[in-house]
Amino acid sequence: MKLSLLFFFAFTNPLVLFFAILLYGGIPPDNMKKAIADSEAYSQVSAHFAQQDADTITQNKDFTVIVSKRLTPTYIRTKTESVIDESATWITGKTQTVPVVSFRELKEELQSEHSDLMGNIEHIPTAVELKRSDLDAQNQTRYLEQAKQITAFTNDDFTLPLGNQLEGIKLAYRILQIALPMLIVLLICSLFLLVKFAYSLPSRFKWVGAALLASSIVGYGCIFFHPYITPVIIRTNILQQSDFFSLFSPIIIAMINHYVEIYIGYQEIVNTVFLVGAAGCFLGAIATRKQAIPKLKPVYEIRSYWETPLKEKPTPPSEEYTDTK
């Protein structure tokens, strides 16, 4: 029982810290904006539109040039920071307005200066046109899906509603608001039960110290393995997005990396505090070892008559038997 409580505390504590940072504002939006701006995310997104990704999606050189001129790193930063503010208030329930990325000014520019391109952008290739292309079956399907995304984007007035992409995060936030306080109570109860089930003061110090030490070891394990786990999570998240949203993957990666760095900083502080607490508990166990409950040794007594009956003496032969003989 005590080992189960110890392992529960050790493995749940880093998880509680991870969720607490996310739930209780461990990463202010301004810090997130600064972290993304300090990275190369905006330049990478702009370069993608200017070189490969936009050309692959539209297959239209003129449109690619127009997009690359408009989608500068400064322009993308302005849009991203606006989305961060709107998403934070929507996810936390402070507003009911779904965050939206709007490129309406880009559409107005195309309509006024390059109206001939709008028809090409909204065009969805037919099956005959796809067969005439040099693309294989898999790339034809991908190209058709990309064309549908661009058409939907154009029909929505060059806006990207983010409700579907952020709905899962909002739901997780609501669940954490209920689950996190319960996990914190369970952590406190696990330590209380460890103390309750230990019948002497030194034993209580030992078990609490072992729980703190095990939790710090698991915390350091999270720090050590995060360079191997985090990239897998990031790639999985990006692969689930559409090809159009994957263009903004450098920004998503910068946001996740910043959050992980903040978590690691807090986890190192907690690990240090727990190590100091574990050392204090072990010293307390040594200092109070004389107060341990003495072990009772079995008492061996000489077996009494009632436990080992005496052997009966053989009766002598009777006189009649002797005379006869």
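The model shown is predicted, which means the values in this text are computed figures rather than measured ones. Position 1 is the first residue of the sequence, and the numbers go up from there. Excluded from the calculations below are hydrogen atoms, water molecules and symmetry mates; all remaining heavy atoms, backbone and side chain alike, are included.
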Would you check if W90 and T97 make a side-chain contact, meaning some heavy-atom pair closer than 4.5 Å? no
Kindly write out the residues that satisfy salt bridge (charged side-chain N to carboxylate O under 4.0 Å, His left out) with R104, not counting sequence neighbours, or none if the list is empty. D157
Joint hydrophobic cluster, L15 plus L180, side-chain heavy atoms closer than 4.5 Å: yes
What are the two closest heavy atoms between L17 and V270, and how far apart are they? CD2-CG2, 3.9 Å
Side-chain heavy atoms nearer than 4.5 Å, only ILVMFWY residues, links allowed to pass through others: does that put V208 and L186 together? yes
Closest non-hydrogen atoms of L6 and A210, given as atom of the first, atom of the second and distance, are CD1-CB, 3.6 Å
Any non-hydrogen side-chain atom of Y220 less than 4.5 Å from a side-chain atom of L275? yes
Has Q177 got more than 12 heavy atoms of other residues, nucleotides or ligands less than 6.0 Å from its CD? yes
Closest non-hydrogen atoms of C222 and Y263, given as atom of the first, atom of the second and distance, are CB-OH, 4.0 Å
Suppose we screen for salt bridge (charged side-chain N to carboxylate O under 4.0 Å, His left out). Which residues come up paired with K34, at least two apart in sequence or across chains? D38
Sequence neighbours left out, what passes ring-ring contact (aromatic ring centres under 6.0 Å, His included) with F19? Give chain and number order. none
Is there side-chain contact between L191 and L187, with at least one heavy-atom pair below 4.5 Å? no
Can you tell me how far the CD1 atom of I251 sits from the CD1 atom of I256, to the nearest 0.5 Å? 12.5 Å
Find out whether T89 and D85 are in side-chain contact, i.e. whether some heavy atom of one side chain is under 4.5 Å from a heavy atom of the other. no
Distance col, row Q267:CD vs T272:OG1, nearest 0.5 angstrom, shows 10.0 Å
So do I36 and M32 actually touch side chain to side chain, heavy atoms under 4.5 Å? yes
Tell me whether I91 is reachable from V98 by hopping between hydrophobic residues (I, L, V, M, F, W, Y) whose side-chain heavy atoms are closer than 4.5 Å. yes
Tell me the closest heavy-atom pair linking S46 and I76, and the distance in Å. N-CD1, 3.7 Å
Determine whether M182 and L176 fall in the same hydrophobic cluster, where Ile, Leu, Val, Met, Phe, Trp and Tyr are linked whenever their side-chain heavy atoms lie under 4.5 Å apart. no
How many angstroms lie between CD in E167 and CG in L162, if you round to the nearest 0.5 Å? 12.0 Å
E268: salt bridge (charged side-chain N to carboxylate O under 4.0 Å, His left out) partners, not counting sequence neighbours: none
For the pair T12 (side chain) and F9 (backbone), establish whether a donor and an acceptor sit closer than 3.5 Å, ignoring hydrogens and angles. no
Partner of F18 by ring-ring contact (aromatic ring centres under 6.0 Å, His included), out of Y259, Y266, F11: Y259
Which pairs count as side chain to side chain donor-acceptor pair (under 3.5 Å) when at least one residue sits in residues 201-217, sequence neighbours excluded? N13-S215
Please report the interatomic distance CG(L166) to CG(L171), rounded to the nearest 0.5 Å. 12.5 Å
Could you grab the distance from atom CZ of F7 to atom OG of S190, nearest 0.5 Å is fine? 13.0 Å
Any chain of hydrophobic side-chain contacts (each under 4.5 Å) joining M1 to V195? yes
Measure the OG1-CZ distance between T288 and F205 for me, rounded to the nearest 0.5 Å. 5.5 Å
Report yes if some heavy atom in the side chain of N31 is under 4.5 Å from a heavy atom in the side chain of I262; otherwise report no. no
Can you name the salt bridge (charged side-chain N to carboxylate O under 4.0 Å, His left out) partners of E81, sequence neighbours left out? R77
Closest heavy-atom pair, I84 versus P29, reported as atoms and distance to 0.1 Å, is CG2-CB, 4.1 Å
Does a donor on one side chain sit under 3.5 Å from an acceptor on the other, for N257 and E261? no
P250 and Q44: which non-hydrogen atoms are nearest, and at how many Å? CB-OE1, 3.2 Å
